[in-house]
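Working notes for the structure below.
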Number of protein chains: 4
Amino acid sequence: MKLKDDRKYALIFRAALKLVAKKGLSGITMGDISKEAGIATGTLYVYFSGKDELINALFAACRERSVAVSFKGYNPQQPFKPAFKNVWLNILKYRLQHFEEVIFLEQCYHSPYITAETREKAQQLAAPFYALIARGQAEQLLKNIDSAMLITFIIGAMNELVKQIHYSGIALTRSKINTSFELCWDALKA
Amino acid sequence: MKLKDDRKYALIFRAALKLVAKKGLSGITMGDISKEAGIATGTLYVYFSGKDELINALFAACRERSVAVSFKGYNPQQPFKPAFKNVWLNILKYRLQHFEEVIFLEQCYHSPYITAETREKAQQLAAPFYALIARGQAEQLLKNIDSAMLITFIIGAMNELVKQIHYSGIALTRSKINTSFELCWDALKA
Amino acid sequence: MKLKDDRKYALIFRAALKLVAKKGLSGITMGDISKEAGIATGTLYVYFSGKDELINALFAACRERSVAVSFKGYNPQQPFKPAFKNVWLNILKYRLQHFEEVIFLEQCYHSPYITAETREKAQQLAAPFYALIARGQAEQLLKNIDSAMLITFIIGAMNELVKQIHYSGIALTRSKINTSFELCWDALKA
Amino acid sequence: MKLKDDRKYALIFRAALKLVAKKGLSGITMGDISKEAGIATGTLYVYFSGKDELINALFAACRERSVAVSFKGYNPQQPFKPAFKNVWLNILKYRLQHFEEVIFLEQCYHSPYITAETREKAQQLAAPFYALIARGQAEQLLKNIDSAMLITFIIGAMNELVKQIHYSGIALTRSKINTSFELCWDALKA
DNA sequence: GATGAATGAGATTTCATTCAT
DNA sequence: TATGAATGAAATCTCATTCAT
C-alpha cells in the first residue's frame with residue numbers, strides 16, 4: 001500500500017514559491033506547479049482540494065515558518081537591545097534567504113485566494129512580537145507609543161530593505177547591516 | 001466618425017483599480033473591467049491594445065500621479081525639516097486617499113504584466129526624492145549614509161503605516177501623524 | 001453589433017437531444033454538443049451558464065413542447081371518446097416523431113442535473129390532463145377512481161408502446177394504433 | 001493468498017444501486033462506488049475489469065433476479081386469472097421493494113454502458129411471460145392480439161404505477177392494488 | 001468608435017485505471 | 001487480495017481577443 005508522501009507537500013510548496021517569485025501569483029497555473037514539482041497534475045488534487053486550498057496552505061506555512069524562525073536563540077535573560085537585534089537579524093536573514101516567500105506573502109495579501117480565516121490566523125501569529133515590544137517599553141528603552149505603530153515601522157522598513165538588497169544585487173556587508181539596524185533602533189528608542 | 005473619448009481612459013483606470021483592490025491582480029479579467037467601467041469589452045481594445053498594455057499604462061499613470069503630488073507646495077527656501085515633513089505628509093495623504101493605487105502598484109511589481117521598460121521608467125521618477133535626501137545630508141541634518149537606504153526606510157515604513165491605518169479602520173489623528181513622522185525623523189536624523 | 005442568436009438555442013438543443021439519444025445522458029460532453037451544433041465550445045457558455053443549466057433548460061423545453069402539442073385540435077364540444085382519442089393520438093404521434101425527447105426526459109428524471117425546481121414545474125404541466133380525465137369521469141365514461149392512477153396507466157402504457165414500436169422497427173399501421181387505443185380505453189372505461 | 005470474497009460482489013452491487021438511485025447513472029464514479037461499498041478503489045478492479053463490466057454485470061443480475069421472482073408460487077394447474085394475478089403481484093411487490101433496481105435498469109437501457117450482448121440476453125428472459133400470455137389467449141381469456149403489445153401494456157403501466165407509488169409516498173392499500181389490477185385486466189381481457 | 005457575441009487556447013478539475021506496497 | 005496514492009487523458013469552464021454589425 002502506498003501512503004501519502006509527506007515530502008510531496010514540501011515539493012509542491014517549493015515549486016509554487018519558485019514560480020510565484022518568477023511569474024507572479026497571477027501567472028501560475030496548476031499545470032506549471034505540477035510540472036515544476038515533477039508530479040502529475042492530478043496528483044496535486046490528492047494533496048490539495050484545489051488551487052485555493054493549495055495557496056492558502058502555502059500562505060499559512062510561510063507565515064508560520066517565518067515567525068518560528070524569528071525567535072531562534074532569543075534569551076529573555078539577555079539585555080534588551082542585543083536580544084532585540086538578534087530577533088531583527090533573524091527576520092532579516094530569513095527574508096533574504098527566503099525572498100520567494102516574501103514575494104508570495106505580499107502577492108497573496110490582496111488576492112482573492114486567501115480566505116478571511118487564513119488572514120485571521122496569520123494575524124494571531126504576531127503576538128510574540130507585541131510581547132517583545134512591550135518588554136522594551138517596560139524597560140523604558142523603546143518609545144512609549146502604540147506598539148502596533150512600532151511594529152509597523154520595523155516590518156515596513158525591513159520589507160523594503162530586503163527588496164532593495166535583493167534587487168540591487170549589492171552584497172550586504174556587516175557594516176551595512178549594522179547601519180540599517182541603527183537606523184531602525186534610532187527610530188524606536190525612547 | 002467619433003474620436004476617442006478621453007473620459008473613457010479615466011473610467012477604465014478607475015474600474016481596474018477598484019477591482020484590483022477588491023480581488024487582486026490575479027483576479028481581474030477584461031470582462032470584469034469593462035463591466036465595472038460600464039462599457040463593452042470590445043471597447044477596451046479601442047483604448048488599449050490588450051491587457052498587458054492596459055496594466056502597464058495604469059501602472060505608469062499611478063506612479064506619475066503619485067510622484068507629481070509629492071512635491072506640491074514644496075518650497076526650497078523653506079528650512080529642511082518642515083519642507084521634508086510637507087513632502088512626507090503629501091505622500092501619506094495621497095496614499096491614504098488613493099489606497100487602491102498603493103495596492104495596485106504593489107501587486108504589479110512582481111507580476112509578469114509589467115515590462116522591464118515600464119519598471120525602468122518608474123525607477124527614474126524617484127530622482128526628486130534622491131535630490132531631497134541629498135539636500136538634507138548636505139545640510140548635515142540627515143545621516144550621511146547611502147541615500148537609497150534612507151529612502152527605502154522612509155518608503156517602507158510609510159507603506160506599512162498606510163496599510164495599517166487602512167485596515168485597522170482607526171481614525172488618524174493629528175497627534176498620531178506627528179508621532180509617526182517623529183519616528184521616521186529620529187531614524188533619519190544625523 | 002451582433003445580437004444573441006435565438007436560433008442557436010434550437011441548434012444547441014437539437015444537438016444535445018441527438019447525442020443523448022445516441023450515447024445516453026452519461027455519455028455527452030459539452031465538447032460533443034458544441035461540435036454537433038457547429039459552434040465553438042465557449043459559445044455554449046454564452047447561452048448557458050454551464051452543463052446543468054443547459055440540461056435543465058432542455059428538459060423544461062421538452063416538457064413544455066410535449067404538453068403544448070397534446071391538446072392540438074382538442075374541442076370541448078366534441079363527444080368525450082373521440083376528443084380523448086385525439087389527445088391520445090397527439091401524444092403518441094409526438095412521442096414517436098420526437099423519440100429523442102422521450103429518451104432524454106426519461107434519462108433526466110433520475111439524474112443529478114435536474115433541480116427540484118425544474119422537476120416541480122414539470123409536474124405542474126400535467127394539470128390539463130387531470131382536467132380531461134375529470135371530464136370523462138363527470139360524464140360517467142371513465143372509471144371513477146383516483147385520476148392519478150388513470151393517468152399513470154395511460155402514460156405508462158404509452159411510453160412502453162412508443163419504445164416497443166421504435167425498437168422493433170415494425171411499421172405502425174392504422175389498425176395497430178386502433179387496437180392499442182382500444183386496449184387503453186377498455187382499461188379506463190367505466 | 002486470499003480468495004475473492006463473494007460478499008464483496010453484493011457489497012459493490014448494493015453500493016452502485018444506491019448511488020444510481022440517488023444521483024443517476026451519469027452521476028456515479030468508481031470512487032463513489034468504492035467509498036459507498038467501504039472498500040478501496042483498486043479493489044473494484046479485482047472484481048470487475050472496469051466500469052463497463054461492473055454495470056453490465058449489475059444489469060444482468062438485476063434482470064435475472066427480477067424475472068426469477070416473478071413466477072414464485074406460479075402453479076399451472078391454477079385457473080388463469082388468479083395465476084396471472086399472482087405473477088402480476090410478484091412483479092409489483094418486487095419492483096416496489098427494489099425500486100433502486102427499477103431506476104437502474106431504466107437508466108441503463110439507453111446508456112452506452114450496456115453492450116448489445118447484454119441487451120440481447122435480457123430480452124431472452126422475457127420468454128416465460130410470452131408463454132403466460134399465450135396460455136391466456138389459448139384459454140380465450142385474453143385479447144387475441146400481438147402478445148408483445150399486451151406485455152408492453154402490462155409492463156408499461158406497472159412501471160409507471162411503481163414510480164407513482166414510490167414518489168407520491170402514499171401507502172398502497174389492498175384495495176388500491178386490486179383496483180390497479182382490474183384496470184390492467186380490463187385492458188387485456190377478451 | 002461602440003458593441004457584445006463568438007472564438008479557441010488554455011486553465012482548472014475530475015475520474016477511470018494503474019501500480020507500488 | 002487489498003490498498004489508496006499516482007497518473008494523465010479528458011471533461012468543464014474561463015477569458016483575452018476578434019469580428020460582424
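Computed over heavy atoms, backbone and side chain alike; hydrogens, waters and symmetry mates excluded. Chain letters run A, B, ... following the sequence lines, proteins first and then strands; every chain starts at 1.
- Which of F/dT3, E/dT12, F/dT12 sits closest to the side chain of D/T43 comes down to F/dT3.
- Side-chain atoms of A/D5 lie closest to F/dA6 of the nucleotides F/dT14, E/dA16, F/dA6.
- Salt-bridge check for B/K18 with B/E100: failed, with every basic side-chain N at 4.0 Å or more from each acidic carboxylate O.
- When the nucleotides E/dT7, F/dT14, F/dG4 are ranked by their closest atom to the side chain of D/T41, F/dG4 comes out on top.
- When the side-chain nitrogen and oxygen atoms of B/K8 are compared with OP1 and OP2 of E/dA2, one or more of them lie within a distance under 4.0 Å.
- A straight line from CG of A/L44 to C1' of F/dA9 spans 16 Å, rounded to a whole angstrom.
- When each of E/dT18, F/dC15, F/dT12 is scored by its nearest atom to the side-chain atoms of B/T29, the top-ranked nucleotide is F/dC15.
- Contacts of C/I39 with the nucleic acid, taken as non-hydrogen atoms under 4.0 Å apart, involve only primed sugar atoms and P, OP1 or OP2.
- Salt bridge B/R65/B/E101: present, at least one basic N to carboxylate O contact under 4.0 Å.
- D/I33 comes within 4.0 angstrom of no nucleic acid atom, judged by non-hydrogen atoms across all strands.
- Relative to the side chain of C/V46, the nucleotides E/dT7, F/dT7, E/dA2 differ in distance, and E/dT7 lies closest.
- Taking 4.0 Å as the cut-off between side-chain N and carboxylate O, A/K121 and A/E64 do not count as a salt-bridged pair.
- Distance from the side chain of A/A40 is smallest for F/dG8 among the nucleotides F/dG8, F/dT12, E/dA5.
- B/H110 has its ring centre no less than 6.0 Å from the ring centre of A/F104.
- Side-chain proximity of A/Y47 to the nucleotides F/dA6, E/dA5, F/dT17 is greatest for F/dA6.
- Whole-Å rounding puts the A/M30 CE to F/dG8 P distance at 16 Å.
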